Protein chains: 2
Amino acid sequence: MVMNQQNLDLVFNALADPTRRAMLARLSKGETNISTLASPFNISQPAISKHMRVLEKAGLIERTRKGREHIISIAPAPAKQASEWIAFYTSHWETRFDAVDAYLKQHNLHNPKN
Amino acid sequence: MVMNQQNLDLVFNALADPTRRAMLARLSKGETNISTLASPFNISQPAISKHMRVLEKAGLIERTRKGREHIISIAPAPAKQASEWIAFYTSHWETRFDAVDAYLKQHNLHNPKN
DNA sequence: TTGATTCATAACCATGTGGTTATAGATCAT
DNA sequence: ATGATCTATAACCACATGGTTATGAATCAA
């Protein structure tokens, strides 16, 4: 549990918007510039710019410049820490069980009769 | 991935407030009535009532009445689904690895040299 | 019954947020 | 150089949000 409360504020707040979640989902397939990332959304370019800023302040994305383009990529660490916070406050035995269960399912070792 | 976008909005938004996260952390130790839950916080009773409503609408808590008291308990499922959403959009290999790694550590099967 | 306790609701306020249009700075292409 | 493209910023608007105080409805205790 590395993340402090203020960062958690920023991360959860950033994730609370469906447009920003869709952007992150798109970014999970690979980095792009902002225009490409924005193209599926029916909102103005300044609105996109604001969303980028929110995600960036939360540490959820990283930005590098390539000429006039801003290349955006996902920074998974803060999201993972938010996920860990959730796992921490929900009952421990349950999340532990789920982690194991998911692993077994993914590797076809799961026995539904158990 | 059972949860729809609107529920994710509500859940992440509810988690974005430090007071509400502290309440959930307190609730992770067991159910209480609202007054007890509220006592550590230096805000008015109506403010507490509003936070309860936000958590309840997000499905993060459950409420039962016992006389004049409202007994609040955690409902872990929605939070878990939010956590799963994060795991889904962050790189899959990484979260899978983490799940396995956490399991091994908890059961003292972890070999730091690997 | 009376008073205290638990909680919700209404009305209000200041601030934040997601959207807009207008504008401008860089950079690329011609 | 000129025009198009990519992005940011400023100014604005409507609405949501987190807080407040005031009030009231139930319930418990005496």
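So you know, we letter chains A, B, ... as the sequences are listed, proteins then strands, and number each from 1. Nothing here was measured: the structure is a model prediction, and the numbers come from that model.
Rounding to whole angstrom units, CD of residue B/Q45 and P of D/dT20 are separated by 11 Å. If you take CZ of A/R63 and P of D/dC6, they are 15 Å apart, rounded to a whole angstrom. When rounded to the nearest whole Å, the span between CZ of A/R53 and P of D/dC6 equals 22 Å. At whole-Å resolution of the value, CD1 in A/I72 and P in D/dC6 are 14 Å apart. Protein atom NZ of B/K50 is 13 Å distant from nucleotide atom P of C/dC13, rounded to whole Å. Atom CZ in A/R65 sits roughly 13 Å away from atom C1' in C/dT27 (whole-Å rounding). Rounded to an integer number of Å, the gap from CZ of A/F41 to C1' of C/dG19 is 15 Å. To the nearest angstrom, P of C/dA29 lies 6 Å from CZ of A/R68.
Side-chain heavy atoms closer than 4.5 Å link hydrophobic residues (I, L, V, M, F, W, Y) into clusters, and following such links, even through other members, never connects A/V54 to A/I43. With hydrophobic clusters built from ILVMFWY side chains whose heavy atoms lie under 4.5 angstrom apart, A/L15 does not share a cluster with A/L10.
Side chains of A/I74 and A/E62 form no contact here, defined as non-hydrogen atoms less than 4.5 Å apart.
Counting non-hydrogen atoms under 4.0 angstrom, A/S35 reaches the backbone sugars and phosphates but no base. B/E69 comes within contact range of the sugar-phosphate backbone alone, with a heavy-atom separation under 4.0 Å but no base atom that close.
For the OP1/OP2 pair of C/dG19 and a distance below 4.0 Å, the side-chain nitrogens and oxygens of A/H51 include at least one atom meeting the criterion. At D/dT7, none of the side-chain N or O atoms of A/S49 fall inside 4.0 Å of OP1 or OP2 (strictly under the cut-off). Close to D/dT20, at under 4.0 Å from its OP1 or OP2, lies a side-chain N or O of B/S44. For the pair B/H70 and C/dA8, the criterion of a side-chain N or O lying under 4.0 Å from OP1 or OP2 is met.
Judged by distance alone, with hydrogens and angles left aside, the side-chain atoms of A/R26 form no donor-acceptor pair with the main-chain N or O of A/T32 at under 3.5 Å.
Closest contact between the side chain of A/V54 and the listed nucleotides C/dT21, C/dG18, C/dT9 involves C/dG18. Listed nucleotides C/dG18, C/dA8, C/dG19 differ in distance to B/I34; the shortest reach to its side chain belongs to C/dA8. The side chain of A/R20 sits closest to C/dG18 out of D/dG19, C/dG19, C/dG18. Comparing D/dT17, C/dC7, C/dG19 by their closest approach to the side chain of B/N13 singles out D/dT17.
Sequence order on DNA chain C of the closest nucleotides to B/P46 and A/G67 puts B/P46 first from the 5' end.
Here the rule is salt bridge (charged side-chain N to carboxylate O under 4.0 Å, His left out) with A/R63, and of A/E31, A/E69, A/E56 only A/E56 fits it.
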